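Remarks on the structure that follows.
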2 protein chains.
Amino acid sequence: MNPARTDHRKAIRVVIAEDQGMVLGALAALLEIEGDIAVVAQARTGKEALEAVLGHKPDVFLTDIEMPEMTGLDVAAELKRRRAGTRVIILTTFARAGYLRRALDAGASGYLLKDMRAEELADAVRRVHQGLRVIDPELATEAWGEPDPLTDRERQVLRLAGDGMASGDIADQLSLSEGTVRNYLSEAISKLGAGNRVEAARIARTKGWL
Amino acid sequence: MNPARTDHRKAIRVVIAEDQGMVLGALAALLEIEGDIAVVAQARTGKEALEAVLGHKPDVFLTDIEMPEMTGLDVAAELKRRRAGTRVIILTTFARAGYLRRALDAGASGYLLKDMRAEELADAVRRVHQGLRVIDPELATEAWGEPDPLTDRERQVLRLAGDGMASGDIADQLSLSEGTVRNYLSEAISKLGAGNRVEAARIARTKGWL
DNA sequence: TCTGGCGGATGACATTTGTCACCGCGGCGC
DNA sequence: GCGCCGCGGTGACAAATGTCATCCGCCAGA
């Protein structure tokens with residue numbers, strides 16, 4: 001099962017980031033079983049992760065997306081900006097085209113879903129370490145779908161509306177007039193083919209456009 | 001770290017259920033590391049889990065809540081009904097009082113959150129195996145809070161409304177009149193102290209009342 | 001300089017939501 | 001039998017929401 005019982009000094013060095021402690025520890029255990037992979041640090045927030053990667057300069061950085069303080073996508077983007085040599089694998093629950101696109105833009109080498117079989121993880125790490133790209137097949141095909149029709153304003157407004165905030169309150173928070181908020185919402189609703197703000201927010205969320 | 005390097009035939013036998021393959025496998029790896037715990041089966045849906053537990057009669061059943069086909073809570077309730085001797089530990093993302101209450105009603109011996117430290121899991125399994133109860137401290141205190149003020153109808157209506165369905169459509173789906181739907185919604189909104197249906201749905205969800 | 005687009009705003013209107021008061025019916029306890 | 005809930009329903013009304021047409025100021029490109 002372990003293709004290379006290599007000398008431990010040559011092991012692939014990995015940093016893992018994931019906000020749920022239980023999952024974090026479990027993933028580490030999963031990778032540690034492999035003889036050729038060494039988990040050199042674990043992080044529970046985006047900021048911790050960024051520091052860990054900059055400090056340890058691992059070969060591979062495996063990260064969740066939704067974390068406190070910084071998302072995994074933010075961390076990936078920052079690493080790209082700083083030209084840290086580490087390759088990034090995104091590991092997330094969400095099969096959302098928007099997330100995948102942003103991940104690739106942020107220079108990620110891999111995008112895997114948490115409902116893949118656990119056995120495939122170590123292989124993905126090895127592949128990415130060798131310079132290959134690993135994209136979950138389910139996403140790879142459907143992915144290059146629609147390209148997010150929403151403007152920034154529409155996104156902001158929709159996010160708040162989706163949490164149940166009333167038009168007036170949204171207007172206050174964004175320093176817009178209530179009418180304008182309703183206009184944006186109306187635009188978003190029609191762009192997304194929804195029947196009302198709530199449905200629109202739901203659709204946008206599932207597509208990863210937030 | 002392993003209190004008992006016990007004879008393997010005496011290992012604590014565990015079945016794990018969790019819909020995300022990656023997490024499932026990782027948790028199994030985490031427990032397998034311990035010398036005194038043996039993972040005898042893994043399941044990715046509630047139904048699979050039920051069959052696995054009935055078939056293997058493990059000492060401990062560790063399960064997620066939200067899974068396809070049957071929730072972990074449903075499985076626990078069914079096991080209680082059938083008087084299967086297996087002790088149940090719920091392992092979930094959600095610190096919701098409503099879930100905990102239902103878990104205990106369903107005879108669960110443990111309720112843990114996925115953001116606990118991974119090291120604590122094996123200990124929790126051992127404790128439960130010895131007949132102790134293990135409840136996440138964060139929940140244990142706050143838990144016996146408010147007791148879900150919603151009626152069944154209000155719950156149904158709120159669920160659909162929270163997904164963006166319009167009053168008329170909800171009425172059709174539940175074979176009620178639109179006015180009645182609005183009445184239920186209004187009741188729910190005031191019971192929950194919300195400002196509108198969406199906020200009400202959000203509140204109910206976070207409390208675990210769905 | 002003109003023109004077109006974009007962000008933001010208005011006003012008017014139809015529809016949907018949220019609230020309230022009140023009715024009818026079937027149990028259930030007394 | 002009587003009263004009283006709980007569930008479902010009506011009707012009416014105010015407020016919030018969704019839709020449109022239109023307008024203004026600004027700035028980039030021809």
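All values reported here derive from a predicted model rather than from experimental measurement. Proteins get letters first, then strands, A, B, ... in listed order; numbering begins at 1 in each.
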Electrostatic pair B:Lys114-A:Glu18, nearest N-O below 4.0 angstrom:
no
Do A:Glu51 and A:Lys47 meet the salt-bridge criterion of a basic N to acidic O distance under 4.0 Å?
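The answer is no: the pair does not qualify as a salt bridge.
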Output yes when a side-chain donor or acceptor of [X] lies under 3.5 Å from a complementary backbone atom of [Y], and no otherwise.
{"X": "A:Arg13", "Y": "A:Lys57", "answer": "yes"}
{"X": "B:Glu187", "Y": "B:Asn183", "answer": "no"}
{"X": "A:Asp163", "Y": "A:Met165", "answer": "no"}

Between atom [atom1] in [X] and atom [atom2] in [N], what is the gap in whole Å?
{"X": "B:Glu199", "N": "D:dA16", "atom1": "CD", "atom2": "C1'", "result": "14 Å"}
{"X": "B:Arg153", "N": "D:dG9", "atom1": "CZ", "atom2": "C1'", "result": "13 Å"}
{"X": "A:Leu158", "N": "D:dG18", "atom1": "CG", "atom2": "P", "result": "10 Å"}
{"X": "B:Ile189", "N": "D:dA15", "atom1": "CD1", "atom2": "C1'", "result": "13 Å"}

On DNA chain C, which is the earliest and which the latest nucleotide, 5' to 3', with an atom closer than 4.0 Å to a heavy atom of chain A?
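Contact boundaries, 5' end first: C:dG7 to C:dA12.
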Among residues 165-183 of chain A, which ones have heavy-atom contacts with DNA chain D below 4.0 Å?
A:Ala166, A:Ser167, A:Arg182, A:Asn183
Point-to-point distance, once rounded to the nearest 0.5 Å, from CG of A:Leu73 to CZ of A:Arg102:
6.0 Å
What's the separation between atom CG in A:Leu100 and atom CD1 in A:Ile90, rounded to the nearest 0.5 Å?
9.5 Å
Decide side chain to side chain donor-acceptor pair (under 3.5 Å) for B:Asp74 and B:Thr71; before the verdict, give the C-alpha distance in whole Å, the side-chain angles of both, and the deciding distance to 0.1 Å.
CA-CA 5 Å; B:Asp74 294 337; B:Thr71 71; 3.2 Å; yes
